[in-house]
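The structure under discussion appears below in the form of structure tokens.
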Amino acid sequence: MRILAGWCVRHRRIVLLLWAAVLVISLFLVSALHADYSNNFQFPHTESSDAINLLKSVAPGHSGDTEEVVFGTSGGTTLNDPAIGHRINTMVDKINALPNVTHVTSPYDSSGNLVNRANVNAEDTVGFLQVSFDKLTQHIPQSEATNFVHTVTHTSDSNLTVSVTGLLAEQANNQSF
């Protein structure tokens, strides 16, 4: 081993070029073989797959992944503003119309009044909604993930910023994978 280490130190440029060649060849092989990463829970009789199957049988609407939609105000506007409430209600209606989404409840009533403060900060400037899906992220097509993220983020304007966080949002943002 000492002889190999000495040779590597004396010929460090050659060693560096060999490592670079191995890296390039590896990347080429992965690309040529179309190897895709998969986050899969299909191992039979494991605790995680048994839990998912039980949840599917008992509560199929809650057996998928969950995303969080976070909304915040700026410029002196608060979540108590009925105009903000109407925007959030419209967004929630659009989210509920998307495929694979279970029912999402708005914290606002039909008049745009904030009635549920459970997921709102004390200053009434930031709140969030949880959106449940009936499928796991890896079973939701890329186009649906992108559509979900666009539906949420297009609610933003100068006084309201809306964002989404979770595995589905990551999938939508990593379109090259």
Side-chain angles (χ1 to χ4, degrees), residues 1-75 91 94-95 98-102 104 119-121 123 125-158 160-177:
M1 202 57 151
R2 180 178 261 181
I3 295 171
L4 178 62
W7 185 88
C8 288
V9 169
R10 286 189 304 278
H11 300 94
R12 58 187 168 266
R13 289 186 179 142
I14 293 172
V15 171
L16 185 63
L17 289 173
L18 287 174
W19 276 110
V22 168
L23 177 65
V24 169
I25 290 169
S26 298
L27 291 173
F28 174 75
L29 287 175
V30 167
S31 175
L33 297 174
H34 301 289
D36 290 328
Y37 172 77
S38 175
N39 186 4
N40 192 341
F41 290 106
Q42 300 301 324
F43 297 111
H45 306 299
T46 60
E47 289 180 15
S48 60
S49 67
D50 289 346
I52 290 171
N53 291 334
L54 178 62
L55 191 58
K56 283 180 183 177
S57 68
V58 175
H62 298 286
S63 63
D65 284 332
T66 303
E67 300 287 302
E68 285 191 351
V69 174
V70 182
F71 47 94
T73 58
S74 61
M91 176 190 68
K94 289 178 182 178
I95 291 171
L98 295 174
N100 301 309
V101 172
T102 60
V104 180
N119 297 330
V120 176
N121 70 346
E123 294 81 24
T125 56
V126 178
F128 72 93
L129 301 168
Q130 288 193 328
V131 180
S132 296
F133 292 84
D134 59 3
K135 292 183 180 178
L136 296 174
T137 299
Q138 63 265 26
H139 299 298
I140 296 176
Q142 176 72 37
S143 60
E144 288 181 24
T146 303
N147 189 26
F148 169 69
V149 171
H150 285 299
T151 299
V152 170
T153 56
H154 280 103
T155 305
S156 297
D157 66 6
S158 60
L160 178 66
T161 302
V162 185
S163 186
V164 63
T165 181
L167 293 174
L168 196 64
E170 288 180 25
Q171 176 181 327
N173 291 329
N174 295 325
Q175 292 182 12
S176 61
F177 293 114

So, the side chain of [X] versus the backbone of [Y]: is there a donor-acceptor pair under 3.5 Å, distance only?
| X | Y | value |
| --- | --- | --- |
| Q171 | I140 | yes |
| E67 | A169 | yes |
| S156 | V162 | yes |
| T146 | S143 | no |
| N100 | K135 | no |

Compare every heavy atom of [Y] with every heavy atom of [X], then report the nearest pair and how far apart it is.
| X | Y | result |
| --- | --- | --- |
| T102 | D134 | CG2-N, 4.3 Å |
| V152 | V69 | CG1-CG1, 3.7 Å |
| S74 | S158 | OG-O, 3.3 Å |

*Count the heavy atoms of every other residue, nucleotide or ligand shown that sit under 6.0 Å from CG of L23, and state whether that count exceeds 12.*
yes

*For T66, check side-chain contact (heavy atoms from CB on, under 4.5 Å) against everything at least two apart and list the hits.*
Q130, S132

*Who passes side-chain contact (heavy atoms from CB on, under 4.5 Å) against N147, sequence neighbours left out?*
L98, T151

*Please tell me if the side chains of V131 and F148 come closer than 4.5 Å, counting only heavy atoms from C-beta onward.*
yes

*Heavy-atom side-chain contact between T155 and K94 under 4.5 Å*: no

_From L168 atom CG to Q138 atom CD, the distance as rounded to the nearest 0.5 Å_ = 10.5 Å

*Kindly compute the distance separating CG (L160) from CE (M91), expressed to the nearest 0.5 Å.*
8.0 Å

